[in-house]
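Input: a single structure, listed below in structure tokens.
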Amino acid sequence: MGENQIRNEEKRSLNFIEEIIEEDIRTGKNESRVHTRFPPEPNGYLHIGHAKSICLNFGLGKKYNGKTNLRFDDTNPVKEDIEYVDSIMEDVKWLGFDWEDRLFYASDYFEQLYEYALILIRKGKAFVCDMNAEEIAETRGTPTRPGIESPYRNRTIEENFELFSQMRAGFFPDGTRVLRAKIGMNSPNMHMRDPVLYRILHATHHRTGDKWCIYPMYDFAHGQSDSIERITHSICTLEFEVHRPLYDWFIREIGIYAPRQIEFARLNLSYTVMSKRKLLELVRDGYVNGWDDPRMPTVCGLRRRGYTPESIRNFADIIGVAKRDNVIDVSLLEFCIREDLNKRANRIMAVLNPLKVIIDNYPEGLVEEMESMNNPENESQGKRKVPFSKVLFIEQEDFMENPPGKFFRLAPGREVRLRSAYIIRCENFVKDPETEKITEIHCTYDPLTKSGMPESGRKVKGTLHWVSAMHALKAEVRLYERLFTKENPDDMPEGQTYKDCLNPNSLKLVTGLVEPSALSAKVSDKYQFERIGYFSVDKDSSAKNLVFNRVVSLKDSWAKIEKIKET
RNA sequence: UGACCCAUGGUGUAAUGGCAGCACAAGAGAUUUUGGUUCUCUCGGUCUAGGUUCGAAUCCUGGUGGGUCAACCA
């Protein structure tokens, strides 16, 4: 253990949750144990906001030598499904976290929760209410006006026992009765006004089947589940702050172990929506192609897009944790994946918008294998051979007939370097007289400038990527952009919704030409297409039909210059 | 016309009564066989009014602004 190492560990500031935890450890609370949990409801797919919570909870468990449970809060059988349970487990694992043998379900505790309800009834702290949902809502009052007590509030303990067991036994149809806490109707906190504890739901649960026809409300299950699991720090988002007094009331009245709830601000990302409802609509109404569409902020969407778990974990780390509302700039997420892939992704050459180049003085039929670095950032990733021949393709954008001042690429009479190959000079070009489109460029190459030769060191302004026409592979390339054109799609002018700012260009399909080494590409392999961006092999890809998703473009200072000129 | 929470550069986050720092973004330059990467530099901030204090982003009070809460959803 060197001194330097100790010095390096020094002084990384703590977030407010870590401060609380370290204080609890210091004072010996819970025998200085740290035990967190990630408690999703299996009614949808996880998104980047959940990823923040997962990284937080599992990260804290790891950091303080504690444990982290995965618990499904599955108290509403009509909305939940095993499909979601499976996808959530897959996503948590993929993100790099392990709940070991601690996979739990709130439904595991239904019997225990029922017992807790009985305790409250016995203490005269809960009653069966015969009002329907509408009546309960009407008598709840408003935040500024107290509610009205239920006429069933003063039933005897015996009567409540009888009715509640009949509820469980299936005597009553859905919605006819509920079990309510008896707290009062005057609290300024709406959640404290005789809240519903149990409702009748003759529905098949994905785990308990038809065993139950009454189900606990989330509020009656969540805190007690944490208590049963001896969670020390129940970390949740801000909107549950007002629920905390109710959880505390349950814990106190039932007389069980009390976890400490800490609330933090949920993640918002610019140019995206995060609510389950909106995400569902995007999928259901066909604005995207499923939950794992690479434009979706879902974990499976990001994965398919080509984001790595490391980049997402790093993102979660960088954005921090606090209590104030926040909107993180997507460019930070993009920074994280570029940083990761820059170090790791092999480079290959691909041309997305091909323009034919003929090297007039290059021998007909000759093919040279050009050696190229897989990753200049990391020599250990090795080298590969790229075939070069007389007819090539470069990008349309890399040639201009009348280039402006700062254009460093190919133009009549100008020289450029072909990456890992020769320096070439544009001698002339062919233009379609009707469309004015340039169809073909004629160049000469300088044989002494082959990559690695002494003459190759000659200064030229630009370096272009290219593919050999006779060797190039066709590939379907899916170019993604942000899904929305507005920074905050949730905040639209009167009469408009987030759907009014969907980006019509969020997906552009092109057929590109890639160098032949791409033939070995396997699903989810990551590449940098030199000078273009990072790409990930889509699950639709096969040797016959290569499919690449653009994860993110490279930073492009030339595009910036051009953009400034436009405006 | 309630309760609770929050307020630091464009964005996010530090500073725990003692020099307002870091990252992203933006801008300038250097390097570069990727207009990438890397490096250097610049721009720019404590919501407001009082109070406490030798000293306040930090503590107190008022204001202002934002958020959350009125499912038999979670």
Side-chain angles (χ1 to χ4, degrees), chain A residues 12-15 19 39-41 43-44 73-76 78-80 129 131-134 136-137 140-147 174-180 187-193 195-201 214-215 217-219 221-222 237-245 263 265 270 276 318-329 331-336 338-339 342-343 347 349 372-373 376-377 406-409 417-421 423 449 451-452 456-465 487 528-533 553-561:
Chain A
R12 217 206 135 196
S13 58
L14 304 176
N15 66 48
E19 276 177 17
E41 184 194 15
N43 72 340
D73 273 342
D74 53 352
T75 55
N76 186 359
V78 305
K79 288 194 176 171
E80 294 151 9
C129 180
M131 293 199 289
N132 61 36
E134 200 182 324
I136 290 177
R140 180 149 9 242
T142 70
T144 54
R145 228 183 258 291
D174 288 3
T176 53
R177 283 185 168 82
V178 292
L179 183 73
R180 288 228 254 170
S187 172
N189 182 341
M190 300 292 290
H191 298 279
M192 297 297 280
R193 318 239 265 227
V196 172
L197 270 31
Y198 269 89
R199 76 286 213 189
I200 301 169
L201 237 38
I214 57 170
Y215 290 93
M217 298 292 291
Y218 172 84
D219 276 350
H222 184 79
T237 47
L238 249 28
E239 67 269 28
F240 292 103
E241 204 153 27
V242 273
H243 296 238
R244 178 154 35 93
E263 307 87 6
S270 62
K276 269 186 188 175
I318 283 178
I319 59 177
V321 184
K323 292 190 76 160
R324 74 182 101 141
D325 296 313
N326 62 83
V327 182
I328 310 284
D329 201 322
S331 62
L332 187 56
L333 220 208
E334 294 173 349
F335 165 80
C336 289
R338 280 196 191 103
E339 186 190 42
N342 177 49
K343 287 182 302 200
R347 268 112 252 235
M349 291 194 282
S372 193
M373 297 272 288
E377 302 298 310
K406 287 212 165 134
F407 189 81
F408 301 152
R409 308 172 187 180
R417 184 189 309 281
L418 293 179
R419 177 74 162 160
S420 305
I423 292 173
T449 59
S451 220
S456 73
R458 208 166 83 209
K459 289 278 176 218
V460 283
K461 282 278 184 103
T463 300
L464 308 187
H465 61 278
E487 201 169 315
Q528 184 197 100
F529 289 180
E530 289 220 40
R531 301 209 306 136
I532 300 177
S553 64
L554 251 33
K555 285 217 278 187
D556 188 348
S557 45
W558 171 244
K560 251 179 213 171
I561 292 168

Counting just side-chain N and O atoms, does [X] come under 4.0 Å of either OP1 or OP2 of [N]?
X	N	result
A/K560	B/rG27	yes
A/T75	B/rA74	yes
A/K461	B/rU33	no
A/S557	B/rG36	yes
A/K555	B/rU34	no
A/R531	B/rG35	yes
A/R199	B/rA74	yes

When the distance from NZ of A/K323 to P of B/rC5 is rounded to whole Å, what number comes out?
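In whole Å, B/rC5 P lies 7 Å from A/K323 NZ.
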Describe the nucleic acid contact of [X] in one word from base, sugar-phosphate, nothing, applying a heavy-atom distance below 4.0 Å.
X	result
A/P39	nothing
A/M131	base
A/R244	nothing
A/Q528	base
A/N189	nothing
A/S451	base

Work out how far the C1' atom of B/rC59 is from that of B/rA3, and round it to whole angstrom.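 Nearest-Å result for B/rC59 against B/rA3 at atom C1': 24 Å.
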Handout entry: Of A/V327 and A/A559, the one whose closest RNA chain B nucleotide lies more 5'
Key =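 In this pair, the answer is A/V327.
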| query | If you pin A/N15 and A/F407 to their nearest nucleotides in RNA chain B, which one's is more 5'? | reply |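 Of the two residues, A/N15 wins.
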ask   = Would you call the rings of A/H243 and A/H191 parallel, tilted or perpendicular, where under 30° means parallel and over 60° means perpendicular?
value =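 Plane angle between 30° and 60°, so tilted.
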Do A/E377 and B/rG36 have a side chain to base donor-acceptor pair shorter than 3.5 Å?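 Side chain to base: pair found, below 3.5 Å.
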inquiry  = For a side-chain hydrogen bond (donor to acceptor under 3.5 Å, both in side chains) check, start with the C-alpha distance between A/S187 and A/N189, then their side-chain angles and the critical distance, and finish with the verdict.
reply    = CA-CA 5 Å; A/S187 172; A/N189 182 341; 5.4 Å; no
Go through [options] for me and flag the one nearest to the [X] side chain.
X	options	value
A/N326	B/rU13, B/rG2, B/rC73	B/rU13
A/R324	B/rU34, B/rA74, B/rC6	B/rC6
A/T463	B/rU34, B/rC72, B/rA74	B/rU34

* Quick one: closest heavy-atom pair of A/P143 and A/R193, and the distance? =>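 Minimum heavy-atom separation between A/P143 and A/R193: N-NH2, 4.3 Å.
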Which is it for B/rA15, anti or syn, if anything within 90° of zero counts as syn?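 Glycosidic conformation of B/rA15: anti.
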Exercise. Can a salt bridge be assigned to the pair A/E263 and A/R244 using a cut-off of 4.0 Å between side-chain N and carboxylate O?
Worked result: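 Looking at A/R244 together with A/E263, the answer is yes, because their closest N to O distance falls below 4.0 Å.
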Given Watson-Crick and G-U pairs under 3.5 Å, RNA chain B in dot-bracket ([ ] crossing, | other strand) is .((((((..((((....[..)))).(((((.......)))))....(((((..]....))))))))))).....
